[in-house]
There are 2 protein chains.
Amino acid sequence: MLMTRKGANLALLLLGGFRQLADAATAELSRRGYPELRPTQEFALRAIAAGATSASELGRRMSISKQAAAKVIALLEARGYLARLDDEADSRRKLLVVTPLGHQAMQAGEAIFDELRSVWAQNIGAEALDQLERNLALLVGDAGVDEDAADWSGLDVQ
Amino acid sequence: MLMTRKGANLALLLLGGFRQLADAATAELSRRGYPELRPTQEFALRAIAAGATSASELGRRMSISKQAAAKVIALLEARGYLARLDDEADSRRKLLVVTPLGHQAMQAGEAIFDELRSVWAQNIGAEALDQLERNLALLVGDAGVDEDAADWSGLDVQ
DNA sequence: TCATAAAGACAACCTAGTTGTCTATCAACA
DNA sequence: TGTTGATAGACAACTAGGTTGTCTTTATGA
């Protein structure tokens, strides 16, 4: 076996990179007073704040089923980051509203990820990191934009 | 909100990249006759073939608990990719052996990931992809090498 | 030989998804 | 004005992939 430069290795590097950032962010969120908030949940919160104000819409924007979205919403509501109000315009819907605590958590999460990114920039150089992001955006972003999410700042996962 | 070049976006790009490769690989593995094999399981198979011949050892190499490793092993065994033999040298251990079907699946998985990687190379250029990998390896690989896994070709996730 | 460490089995639980079924509601159209 | 079809969300059951904790069996080293 040659074991040089394999495709599987690329996949593992990407996963490893995400896990490293996500784990560090989880730990730091916990340290800053948000112990039960994982990055995925924080991303969902961000999507809701950006306009995904119903479970079905959140599911569409995150490319997950509405049932999966409902579970994230239930968690976020239980932890006080989110409120579900009755939508007077459409009584089927529950209107999702980010609480003040939720906004604080989002700010903390944003700051943490920015800090983690700047550590990476120090490690490999700002330009190299910019380039890495640009190339990844070309590879991932283009393939995964679904029309409804186009105004959501490229934060859609798939 | 400025929404330029945020740290969270970097994390999502990495996750998105992995998911894209993993989803494509899962679909292609299914198309080639291995419908119940996910990339994570294939990576575990690869680790076992590379010498992680017990559940505890697999757990150490993949940086997961031995119980989690045992679950992956149970799945792989149930699908016929793996056999668990009695280790005559140590009767506590079950010796993990990749079956012929397992080896076929690994070969298919390797080919698929290599093909996916070459599609990416076509999209952004071979040099750009090499550089992306080198930089990611610097960021991720160095932080995550645990001594026992050092001889395992950098395939460790964490 | 005996204390300790390690391997694995088993159970209970969590997160993050899935599909399927069901009810309530809205919206559009004959 | 109704009826019909799409949508929102609740609920259940399931899967994958993890966790911690407890337990028994077996090695191993002082």
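Since the model is a prediction, treat every value here as computed from it, not as a measurement. Order of the sequence lines fixes the chain letters, A, B, ..., with proteins taken first and strands second; residue numbering starts at 1 for each chain.
Nearest to the side-chain atoms of B:Ser65 among the listed nucleotides C:dA16, C:dG8, D:dT19 stands D:dT19. Here the side chain of B:Arg38 is nearest to one of D:dA12, D:dA16, C:dT15, namely D:dA16. Listed candidates were C:dA9, C:dA24, C:dG8. Nearest to the side chain of A:Arg92 is C:dA24. Among the nucleotides D:dG9, D:dA10, C:dG8, the one closest to the side chain of A:Arg84 is D:dA10. Counting only heavy atoms from C-beta on, A:Leu75 has its side chain closest to C:dA16 among C:dG8, C:dA5, C:dA16.
Contact check for B:Leu45 versus B:Leu82: side-chain heavy atoms found under the 4.5 Å cut-off. Taking the side chain as every heavy atom from C-beta outward, B:Leu10 and A:Phe113 never approach each other to under 4.5 Å.
Using a 4.0 Å heavy-atom criterion, one finds that A:Lys66 contacts the bases of the nucleic acid, with or without backbone contacts as well. B:Ala68 comes within 4.0 angstrom of a nucleotide base, judged by non-hydrogen atoms across all strands. B:Glu36 comes within contact range of no nucleotide atom at all, as no heavy-atom separation falls under 4.0 Å.
Close to D:dA8, at under 4.0 Å from its OP1 or OP2, lies a side-chain N or O of A:Arg93. For B:Ser56 and C:dA6, the shortest distance from a side-chain N or O to OP1 or OP2 is not below 4.0 Å. Contact annotation: B:Thr40 side-chain N/O to D:dA16 OP1/OP2 distance is not under 4.0 Å. Using a 4.0 Å cut-off, some side-chain N or O of A:Arg60 falls inside it from OP1 or OP2 of D:dA8. At the phosphate of D:dG9, OP1 or OP2 sits under 4.0 Å from a side-chain N or O atom of A:Ser54. Between A:Gln41 and C:dT15 there is no side-chain polar atom (N or O) within less than 4.0 angstrom of OP1 or OP2.
For the pair A:Glu57 CD and D:dG9 C1', the computed distance is 14 Å after rounding to whole Å. Between B:Asp90 atom CG and C:dG8 atom P the separation is 8 Å, expressed in whole Å.
Here A:Asp130 pairs with A:Arg117 in a salt bridge; the nearest charged N to carboxylate O distance falls below 4.0 Å.
Not a single donor-acceptor pair, N or O on each side, falls under 3.5 Å between the base of D:dG9 and the side chain of A:Gln67.
Shown are A:Arg31, A:Gln107, A:Glu28; of these, the side-chain contact (heavy atoms from CB on, under 4.5 Å) with A:Ile112 is made only by A:Glu28.
Taking for each of B:Val72 and A:Thr53 the nucleotide of DNA chain D with the nearest heavy atom, the 5'-most of the two is the partner of A:Thr53. Residues A:Lys71 and A:Ser91 both approach DNA chain C. Their nearest nucleotides, taken by heavy-atom distance, put A:Lys71 toward the 5′ side.
Side chain of B:Gln20 to backbone of A:Leu139: a donor-acceptor contact under 3.5 angstrom is found.
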